[in-house]
Amino acid sequence: MASSTMSSAIATCSFCLKPDSEVEALVAGPGVFICGGCVELCRQVIENKPASVPRLAPWEQAHDVETVLRSLPLVAKASVQVEESLTGWVRRARALGASWARIGAALEMTRQSAWERFSGEE
Ligand SMILES: [Zn+2]
């Protein structure tokens, strides 16, 4: 059910995974999106940020396995969203006339790799 909701959405918040139809506003970044609710949460986190924060990757800050296991499907969904967004941007580049060579160069990969990854052809 959740996956059909996500696939019918134009975009979903990369942080809470709510579809654009369920949030007031969705701000787009490079392959990611953030909703107004998550912006507000970010504002609160920044406002209440302690003076010194350990410089660790988010997964290194987790200290119990349940927290890590809860994060895995969320990170996986965000990864799928970013990949779908990248594919959408590549298809748009193609529709606007970009060659596979130029797309490959932009992504720092070969023309062949870009074509294999994004063309949908085999
Ligand atoms: Zn959100």
Side-chain angles (χ1 to χ4, degrees):
M1 194 70 168
S3 63
S4 66
T5 301
M6 282 187 68
S7 63
S8 65
I10 292 172
T12 60
C13 176
S14 302
F15 292 80
C16 68
L17 302 174
K18 285 183 185 166
D20 57 339
S21 57
E22 291 181 21
V23 298
E24 262 185 53
L26 206 54
V27 178
V32 294
F33 301 89
I34 189 166
C35 75
C38 288
V39 167
E40 174 57 21
L41 183 62
C42 290
R43 191 193 61 72
Q44 291 172 16
V45 169
I46 291 167
E47 201 173 276
N48 299 317
K49 181 183 162 202
S52 71
V53 176
R55 244 179 91 56
L56 294 171
W59 52 88
E60 291 172 336
Q61 295 174 31
H63 296 291
D64 69 280
V65 71
E66 295 308 319
T67 298
V68 174
L69 290 174
R70 271 195 313 275
S71 296
L72 293 181
L74 301 175
V75 174
K77 284 177 186 171
S79 175
V80 168
Q81 182 189 40
V82 169
E83 185 64 23
E84 287 174 355
S85 180
L86 180 56
T87 299
W89 281 98
V90 166
R91 290 195 174 143
R92 184 65 181 154
R94 288 289 296 160
L96 294 171
S99 66
W100 285 111
R102 286 190 69 195
I103 291 167
L107 292 170
E108 298 181 352
M109 61 174 58
T110 65
R111 179 205 68 80
Q112 183 67 26
S113 294
W115 180 84
E116 286 173 2
R117 183 168 167 185
F118 299 109
S119 74
E121 298 173 37
E122 292 181 28

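For the atom pair OG (Ser85) and CZ (Phe33), the distance works out to 5.0 Å, reported to the nearest 0.5 Å. Taken from OG in Ser113 to CZ in Phe118, the straight-line distance is 10.0 Å, to the nearest 0.5 Å. Taking CD of Glu84 as the start and OG of Ser79 as the end, the distance is 10.0 Å to the nearest 0.5 Å. With values rounded to the nearest 0.5 angstrom, Glu22 atom CD is found 11.5 Å from Cys13 atom SG. Note that the CZ atom of Arg70 and the CG atom of Leu74 stand 9.5 Å from one another [nearest 0.5 Å]. Annotation: the span from Ile103 atom CD1 to Arg92 atom CZ amounts to 12.0 Å, rounded to 0.5 Å.
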Output, in order, the C-alpha distance, side-chain angles, deciding distance and verdict of side-chain contact (heavy atoms from CB on, under 4.5 Å) for Gln112 and Trp100.
CA-CA 8 Å; Gln112 183 67 26; Trp100 285 111; over 6 Å; no
Can you check side-chain contact (heavy atoms from CB on, under 4.5 Å) on Arg117 and Leu86, steps first, answer last?
CA-CA 11 Å; Arg117 183 168 167 185; Leu86 180 56; 3.5 Å; yes
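For Glu108, the CD atom counts as loosely surrounded, since its 6.0 Å shell holds 12 or fewer non-hydrogen atoms of other residues, nucleotides or ligands. For CZ of Arg43, the number of neighbouring non-hydrogen atoms (other residues, nucleotides, ligands) closer than 6.0 Å is greater than 12.
Checking side-chain atoms of Thr87 against main-chain N and O of Glu83 turns up a donor-acceptor pair under 3.5 Å. When atom types are taken as modelled, the side chain of Gln81 and the backbone of Thr12 share a donor-acceptor pair closer than 3.5 angstrom. A donor-acceptor pair under 3.5 Å links the side-chain atoms of Ser71 to the main chain of Thr67, judged by distance alone. Between the Glu60 side chain and the Ala57 main chain, a donor and an acceptor come within less than 3.5 Å of each other.
When all heavy atoms of Val82 and Gly31 are compared, the closest pair comes out as CG2-O, 3.4 Å. Pairing each heavy atom of Gln61 with each of Leu56, the nearest pair is NE2-O, 2.8 Å.
Cluster membership check: Val27 shares its hydrophobic cluster with Phe15, using side-chain heavy-atom separations under 4.5 Å among Ile, Leu, Val, Met, Phe, Trp and Tyr. Both Met109 and Val90 belong to a single network of hydrophobic side chains, linked directly or stepwise wherever heavy atoms of I, L, V, M, F, W or Y lie under 4.5 Å apart. Linking ILVMFWY residues whenever their side-chain heavy atoms come closer than 4.5 Å, directly or via other members, leaves Leu41 and Ile34 in distinct clusters.
Contact annotation: the side chain of Leu26 never approaches that of Ile10 to less than 4.5 Å [non-hydrogen atoms, C-beta and beyond].
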